[in-house]
A.B. asks: 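The following block contains the structure, expressed as structure tokens.
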Amino acid sequence: MSKSERPSRLFRNLNAKVASIPMILTALVVFVGGTAWTVLYSFTNSKLLPRLNFVGLDQYYRLWATPRWLISIENLLIYGVISLVFSLVIGFVLAALLDQKIRFEDTFRTIFLYPFALSFIVTGLVWQWLLNPDFGIQGVIRKLGWTSFAFDPLYNSSIVIYGISIAALWQGTGLIMCLMLAGLRGIDEDIWKAARVDGIPMWKTYLFIIIPMMRPVFITTLVIIASGIVKVYDLVVAQTSGGPGIASEVPAKYVYDYMFFAQNLGQGFAASTMMLLSVMIVIVPWAYLEFGGRKRV
Amino acid sequence: MAKPSVSIQNLSLNYGAVSVLQTLNLDIAEGEFIVLLGPSGCGKSTLLNCIAGLLDISKGRIFIKGKNVTWEEPKDRGIGMVFQSYALYPQMTVEKNLSFGLRVAGLPRDQIAKRIARAAEILQIEPLLQRKPSALSGGQRQRVAIGRALVRDVDVFLFDEPLSNLDAKLRSELRVEIKLLHRRLQNTMIYVTHDQIEAMTLADRIAVMKGGVIQQLDAPQTIYNRPVNRFVAGFLGSPAMNFIEGQLGAGDAAAFTADGVSIPLDRYEFDKDRGSAGKPCVFGIRPEHVAFGDAAKAMPFTAESAVEIVEPMGSDTLVWTKLGGRNFSFRVEAEKTLRTGDPIRIGFDPARASLFDTPSGNRL
Amino acid sequence: MAKPSVSIQNLSLNYGAVSVLQTLNLDIAEGEFIVLLGPSGCGKSTLLNCIAGLLDISKGRIFIKGKNVTWEEPKDRGIGMVFQSYALYPQMTVEKNLSFGLRVAGLPRDQIAKRIARAAEILQIEPLLQRKPSALSGGQRQRVAIGRALVRDVDVFLFDEPLSNLDAKLRSELRVEIKLLHRRLQNTMIYVTHDQIEAMTLADRIAVMKGGVIQQLDAPQTIYNRPVNRFVAGFLGSPAMNFIEGQLGAGDAAAFTADGVSIPLDRYEFDKDRGSAGKPCVFGIRPEHVAFGDAAKAMPFTAESAVEIVEPMGSDTLVWTKLGGRNFSFRVEAEKTLRTGDPIRIGFDPARASLFDTPSGNRL
Amino acid sequence: TDLEVTHWWTSGGEAAAVAELAKAFDATGNHWVDGAIAGSGGTARPIMISRITGGDPMGATQFNHGRQAEELVQAGLMRDLTDVATKGKWTEVVRPKSLLDSCTIGGKIYCVPVNIHSWQWLWLSNDAFQKAGVPVPKDWNEYVAAAPALEKAGIVPLAVGGQAWQSSGAFDVLLAAVGGTDTFLKVYKDKDAKFAAGPEVAKVFKAADDARKMAKNTNVQDWNQATNMVITGKAGGQIMGDWAQGEFQVAGKTAGKDYTCLPGLGLNEVIATGGDAFYFPVLKDADKSKAQEVLAETLLDPKTQVAFNLKKGSLPVRGDVDLNAANDCMKKGLAILAKGAVIPWTDQLLSQDSQKQKEDLFSEFFAKPEMTVEEAQKRFAAIIATAD
Amino acid sequence: MSDQTVSLSAPSGVGHTDASGPSGPKPRHTFSRRNIFLYGTLIMAALYYLLPLYVMIVTSLKGMPEIRLGNIFSPPLEITFEPWVKAWSTACTGLNCDGLSRGFWNSVRITVPSVILSIAIASVNGYALANWRFKGADTFFIILIVGAFIPYQVMIYPIVIILREIGLYGSLTGLVIVHSIFGMPILTLLFRNYFTSMPEELFRAARVDGAGFWGIYLRIMLPMSLPIFVVAVILQVTGIWNDFLFGVVYTRPDTYPMTVQLNNIVNSVQGVKEYNVNMAATILTGLVPLVIYFISGRLFVRGIAAGAVKG
Ligand SMILES: Nc1ncnc2c1ncn2[C@@H]1O[C@H](COP(=O)(O)OP(=O)(O)OP(=O)(O)O)[C@@H](O)[C@H]1O
Ligand SMILES: Nc1ncnc2c1ncn2[C@@H]1O[C@H](COP(=O)(O)OP(=O)(O)OP(=O)(O)O)[C@@H](O)[C@H]1O
Ligand SMILES: [Mg+2]
Ligand SMILES: [Mg+2]
């Protein structure tokens with residue numbers, strides 16, 4: 001009855017392993033399997049249905065020769081930079097303001113956060129409307145007498161992606177603010193006191209002391225924002241459907257359109273593989289650093 | 001008396017309805033080392049923060065160097081502060097940590113360099129200047145934290161439990177360093193702690209606080225030997241003072257009686273009127289003032305008892321026995337070998353004891 | 001030696017590439033109170049967790065009551081454990097906390113009630129049974145945590161720094177309680193701490209650890225008076241032992257020489273061969289073994305010096321001076337009044353000192 | 001039996017037309033479960049395909065007839081309707097014959113065409129031209145000439161919605177109308193890239209450039225919103241398929257009086273035989289399979305054909321039905337059909353992939369004035385070169 | 001320093017010339033520059049965030065003629081609830097004219113089990129990852145986290161195949177599984193961080209007490225993780241309720257969730273767009289998550305502080 005032999009590795013922690021089966025299955029079958037499947041079929045000329053008809057890198061050559069894909073990438077970059085920078089800045093500023101022991105903090109916080117409860121579809125619809133040049137903001141201001149006023153980002157190819165960003169920020173900054181607020185609340189009170197005794201002005205304290213200290217929060221936030229950016233789709237569809245022309249196309253939409261609309265799965269898979277590849281290059285090293293290295297008992 | 005360096009007048013502070021400090025008065029002389037001692041939550045940090053200007057007070061005034069600073073910003077009060085958690089700016093090097101406040105204040109470069117060099121030399125942290133706080137040991141961090149106050153060239157230093165995050169050995173080392181620093185700089189220092197050894201060794205005067213009120217403000221020896229009330233008596237001293245509850249004896253000669261013991265009090269100096277016989281009171285005597293064996297025989301009061309527990313502490317040994325039905329401890333040299341159950345004779349001189357009124361806890 | 005209660009054989013534990021415990025052997029007798037003492041990070045908790053079965057060991061075997069439990073689940077090892085942070089289940093009442101393990105094990109109700117009643121009585125926590133941990137004071141929580149181990153009716157108690165979260169006063173009180181508990185239960189107890197007072201007062205034997213290796217395993221007094229190496233010597237004792245670096249003197253009579261002092265060693269008991277003259281070594285003497293003034297004159301070794309710092313600690317006073325170019329402290333009674341700069345004579349008996357080889361740190 | 005039918009007919013006129021189908025089917029004792037998916041074929045098709053390939057097929061589903069369902073059929077997911085067709089003598093009644101050809105793969109019939117949609121229409125608002133003080137144009141060239149006058153009157157000359165297929169379709173119409181039937185076939189049927197880069201097609205691109213200039217202030221997305229601009233006189237006209245007529249009808253407008261329709265843009269009166277067809281996925285349930293047959297029959301029933309197509313504004317696929325109730329425009333269409341001036345439509349000629357590429361190109365072309373005609377034509381030729 | 005004689009309760013002002021200076025709390029002006037800046041900025045920001053909601057509500061209460069007048073910001077002259085009624089019960093998609101009402105119940109039927117299942121799985125995963133680490137667990141977790149970045153569109157096809165293979169395609173169960181899969185990465189991360197931040201000793205104590213994997217989870221960990229559960233529930237309810245893509249791809253018309261219904265209503269343009277109905281439908285669709293946010297916003301922030309961002 002006394003076990004002097006080391007029991008089999010497989011059966012130690014058995015319950016934990018059993019309980020993790022859904023996770024393991026999801027990770028292996030859905031994410032790894034699905035991805036591998038996608039990559040495999042990106043080398044075929046599958047049309048409506050997946051078929052193993054290998055054509056080498058043809059889909060990729062075509063992908064990178066397609067103006068729409070290039071525009072999508074460019075848009076994603078612009079949208080990504082804008083979303084990242086502005087959500088972080090706005091989110092942080094709002095959080096910092098709310099952290100000043102103000103009155104009605106709850107009210108303000110709720111106001112900033114509520115758009116997050118709405119889907120991108122709804123967000124897109126509302127902002128499409130607010131930005132409609134005829135009866136949105138531009139129309140109203142023109143009616144007030146300023147007839148040369150122009151604010152029609154959704155109908156102007158060169159700035160349409162910024163128009164989409166406005167809506168995205170409206171929807172997403174609330175959550176960022178919450179994360180930042182939680183981070184700010186986690187900062188040692190003594191740091192603030194030390195800075196005050198040192199006579200460091202508030203903004204300098206934030207800029208040079210607090211923000212560098214909140215690095216982990218910023219990283220978490222960054223991951224959340226970034227995963228949202230890569231996936232952006234609904235918002236564009238709801239707001240512009242990629243228009244005017246193809247000025248606001250994004251990669252996720254390219255994937256979708258080519259897989260289902262153009263019935264060219266191979267092309268869609270090639271595009272998704274490119275997206276995955278870029279995501280992996282950024283995420284995998286980060287994930288390993290963040291979750292893989294640190295060991296705990 | 002000389003103009004006090006820090007003077008606190010009728011200070012009150014509430015958090016909403018909770019009153020943390022109540023009409024507190026405290027004058028601190030130039031160059032004095034004051035320790036605020038008290039249990040957790042008694043308002044020590046609060047008081048320190050009020051002096052630093054980090055909390056808005058509810059009532060009263062604060063003077064530093066004769067100047068009314070009640071409404072001044074912390075940076076304009078001429079104070080430097082060291083925090084329990086060090087509060088170093090983690091992403092800056094030690095040098096940046098030290099210089100940041102000065103740079104913000106717009107001091108010329110060479111001045112900054114000079115001050116840092118001086119502080120680094122005093123604290124012996126020159127080799128660390130280019131490191132980040134995360135690459136420092138606890139003691140080194142603490143030194144940098146002190147350095148940050150040092151470079152500000154201030155009149156008053158405030159310390160909020162600066163050593164409580166360190167281990168015992170480091171703590172005693174840094175204690176000596178702070179003491180030497182004070183001797184060298186001759187600044188006024190206000191030091192918060194709940195460690196009585198720190199308080200005893202560092203302070204010129206100790207302010208023992210409880211519930212936002214200063215219980216006793218006096219030189220360490222006075223506080224140790226003549227505590228004004230039972231709280232102070234019990235709070236200071238490790239091992240703690242022995243307390244025996246009983247009452248003043250009847251009859252002419254003053255005596256204290258409890259469960260089968262009667263301690264003569266003719267050698268005890270009463271602070272005030274001794275009160276009537278039968279008055280309930282508490283008798284307190286410190287373990288190191290209790291003699292045993294032959295030495296006990298010479299004492300004005302002796303009793304027989306038996307050893308209950310022996311706690312060897314290395315340098316000396318604490319022995320627990322019973323007196324007046326209460327656990328009673330006394331200290332013996334480490335060499336003495338006593339065992340549980342040994343019968344012993346103990347004795348002490350009531351002149352070294354303290355007697356407290358039971359209801360109020362005040363010294364009699 | 002009787003069959004050991006706990007026996008650890010060639011235990012090794014690595015975290016990945018980091019080896020925390022290295023081929024460690026330890027036999028603990030039935031009813032013994034063993035304290036694991038060592039600086040932070042030396043592997044005390046790790047060792048305890050290995051015994052409890054909370055960590056998977058890399059090599060070696062563990063026996064409890066003669067049974068190989070190396071791969072048993074914690075609950076089947078016959079151990080109870082008390083944690084530093086109490087680890088009470090916050091959402092359960094005290095009673096539920098105590099009974100949780102028993103309920104999990106499926107004990108009958110009346111049995112559970114009986115055991116809880118007994119533990120509550122031993123620990124005097126009957127009135128608290130219906131409270132939640134958040135409504136308890138630190139000391140009470142600690143008692144409940146002990147109670148949780150108690151109700152399990154186990155052979156071996158494991159304590160992981162059970163008192164380190166408490167304040168000094170409570171700590172010394174609970175220390176006594178644990179000692180009494182051990183006396184009453186006569187269980188084997190393994191107690192982790194880095195507080196040397198706790199170790200000295202509680203232990204039958206102390207295992208001093210450093211870097212995952214047991215440096216010395218001995219009775220407290222032996223460890224205190226005859227430390228096997230410089231680490232153990234320095235780690236135990238507060239105030240710490242004075243160390244003077246120098247070398248063995250030349251000539252016939254054994255002596256220790258350093259910066260202008262020569263200490264005769266003829267009364268010192270060498271552990272082994274004393275080694276050749278000029279061998280670098282460290283001389284260590286505890287502050288309480290140093291006499292001063294008239295008493296010093298009687299000592300085999302005396303020296304003149306001057307007072308540098310006086311640290312009154314209430315019960316006694318620590319005085320710092322210089323010897324052999326090094327800071328040197330000694331303890332005097334609290335009554336003695338010394339002031340900085342006073343010239344003094346100090347002396348001690350080298351028989352009470354320790355001498356260590358400089359490179360290896362081992363006792364000579 | 002309940003039969004779920006998915007389709008993307010959700011605009012006013014379309015919904016009314018579907019109701020006719022449902023009514024007719026329900027009358028057979030079965031029940032039409034409506035599975036409308038709003039948006040356009042682009043939104044709906046992936047859902048339909050996912051469901052069919054995912055093993056949860058609906059009872060019947062709409063596709064444009066042509067090559068959209070080709071692979072599903074090849075994968076054996078679609079039901080062979082040859083028996084029903086033989087029984088109903090479809091080969092005889094369906095007209096033009098090319099329609100049934102699109103449903104035929106490997107000699108078997110897999111779909112039921114329900115209507116003929118032709119893209120080649122220019123819808124003009126009589127009101128708008130009146131307001132601008134110019135006569136209603138008779139063909140594309142006059143229309144282009146009238147554009148400045150319309151603009152001056154604050155009217156958008158040509159309404160082209162933001163959806164990609166609208167601009168792409170408009171170009172195809174111009175290709176057939178301005179370039180002519182041969183040009184159209186040479187480009188799309190023969191996929192002659194050299195020709196597509198040549199001068200004949202350049203002419204069409206010139207016309208497309210005109211169209212883009214005329215359309216630049218449209219600011220709406222959906223085709224029916226664009227149609228609505230024509231209905232309300234906010235726009236001069238729209239190049240749109242005959243389904244636009246349904247909207248005019250719902251709005252209570254009369255052809256000839258309120259609006260004018262010019263098939264083939266008044267230049268080349270042809271009609272493409274695009275349109276919608278119903279496909280029937282293979283089902284396990286025997287009852288449902290039976291109901292599928294009933295539905296297939298119902299769809300081609302002459303009465304249903306009339307009712308449906310009147311509402312939808314499209315032409316019936318049977319030559320033998322009575323369309324007295326048809327309005328002006330439909331009659332024009334029927335006449336052309338009768339003349340046999342028909343061409344196959346791009347859905348039948350090109351794969352969805354090429355269609356999509358084309359859509360991307362023209363959507364960009366219409367939205368981006370900086371894009372030169374030459375560049376657009378070059379890219380167009382490239383698409384044709386790789387088209388299949 | 002032996003000569004100082006300071007009495008404890010010296011009357012104030014002794015030895016000071018300056019007895020009349022500032023005393024008591026520093027005066028604070030309600031309209032200080034700081035406050036004006038602070039509240040000014042906050043109010044401006046609040047306006048930006050509220051504007052769309054205002055427009056939505058106002059528009060949904062107007063009749064179409066009033067909307068045609070064009071000023072979207074003006075309050076309704078005549079409040080009408082007809083758009084709401086229409087959006088809820090009579091708006092048409094194709095032949096179905098029962099508005100959002102049917103979708104609402106479908107959404108409930110989808111959301112409730114999905115939320116429960118996904119949180120159950122994720123919390124157990126997080127717990128296993130935090131407390132019962134086994135070899136390779138980290139690798140799976142990293143895969144999961146990377147999976148959070150995969151655009152959903154990419155996964156539609158493989159999932160169709162997977163569901164087809166296990167025969168759950170088109171069923172509610174299938175959709176619930178899909179939601180659980182895609183909710184897993186972020187939720188697992190949240191729970192893992194939360195459980196990691198709980199004292200390890202608690203877990204050990206329970207093991208010594210003999211509780212096993214499930215015993216510790218159910219009896220010790222669960223009762224302590226209310227804050228993170230609140231966050232998870234809020235995130236999942238909003239996420240699943242708002243989902244369109246999965247709802248439309250993996251269900252059939254009789255089980256379409258509300259968002260699909262909304263899309264149908266909004267995109268089924270019948271002549272002119274009925275903005276008021278669209279807006280009412282939009283608000284109705286967003287109502288459930290909105291209400292949850294308004295009620296539990298405070299808990300949300302607290303929970304995030306507890307789990308999502310560790311310093
Ligand atoms: N922001 C606050 N709101 C309400 N009460 C507070 C606040 N900060 C502190 N207190 C209360 O004020 C009292 C004094 O707190 P303070 O921090 O000064 O204690 P302390 O003596 O420094 O204790 P410690 O030794 O634990 O640091 C405590 O009872 C505390 O609960
Ligand atoms: N999960 C882990 N992974 C890697 N190293 C670890 C881990 N846990 C502990 N260690 C290392 O093991 C060593 C021993 O740790 P342990 O907790 O046993 O120390 P300790 O003696 O209990 O210290 P303390 O007094 O601070 O509790 C430490 O150096 C620590 O850094
Ligand atoms: Mg404090
Ligand atoms: Mg430990």
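Residue numbers start from 1 in every chain, and the chains themselves are labelled A, B, ... in the order their sequence lines are given, proteins ahead of strands.
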A.B. asks: Taking non-hydrogen atoms and a cut-off under 4.5 angstrom, which of residues 66-75 of chain A neighbour chain D?
C.D. replies: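 Answer by number: A/P67, A/R68, A/I71.
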A.B. asks: side-chain hydrogen bond (donor to acceptor under 3.5 Å, both in side chains), that's the test. Do D/D360 and A/Y258 meet it? Break it down for me.
C.D. replies: CA-CA 11 Å; D/D360 286 348; A/Y258 272 86; 2.9 Å; yes
A.B. asks: Is it true that atom OH of A/Y61 has more than 12 heavy atoms of other residues, nucleotides or ligands lying nearer than 6.0 Å?
C.D. replies: no
A.B. asks: Mind running side-chain contact (heavy atoms from CB on, under 4.5 Å) on A/Q267 and D/K356 for me, showing each step along the way?
C.D. replies: CA-CA 12 Å; A/Q267 181 66 18; D/K356 183 73 202 155; over 6 Å; no
A.B. asks: So what's closer than 4.5 Å to chain A heavy atoms on D/L72: side chain, backbone, both or neither?
C.D. replies: both
A.B. asks: For D/K191, does the NZ atom sit with more than 12 other heavy atoms under 6.0 Å from it, leaving out its own atoms?
C.D. replies: yes
A.B. asks: Sequence neighbours excluded, which residues qualify as side chain to side chain contact (heavy atoms under 4.5 Å, CB included) partners of D/T386?
C.D. replies: none
A.B. asks: Report the distance from atom OH of A/Y155 to atom OG1 of D/T218, rounding to the nearest 0.5 Å.
C.D. replies: 10.0 Å
A.B. asks: Got a sec, which residues hit side chain to side chain contact (heavy atoms under 4.5 Å, CB included) with A/P115, two or more places apart in sequence or on another chain?
C.D. replies: A/W170, E/Y49
A.B. asks: Counting only heavy atoms closer than 4.5 Å, note whether D/Q355 contacts chain A via side chain, backbone, both or neither.
C.D. replies: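 No part of D/Q355 comes within 4.5 Å of chain A.
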A.B. asks: Would you name the heavy atoms of A/S157 and D/A367 that are closest together and state the gap between them?
C.D. replies: OG-O, 3.5 Å
A.B. asks: Would one find more than 12 heavy atoms of other residues, nucleotides or ligands at under 6.0 Å from atom CZ of A/F86?
C.D. replies: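 At most 12 heavy atoms, drawn from other residues, nucleotides or ligands, come within 6.0 Å of this atom.
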A.B. asks: Name the region of D/E359, side chain, backbone, both or neither, that has any atom closer than 4.5 Å to a heavy atom of chain A.
C.D. replies: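 Only the side chain of D/E359 comes within 4.5 Å of chain A.
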A.B. asks: For chain D, which residues from residues 41-53 of chain A have at least one heavy atom closer than 4.5 Å to it?
C.D. replies: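 The residues closer than 4.5 Å to chain D, in numerical order, are A/K47, A/L48, A/L49, A/R51.
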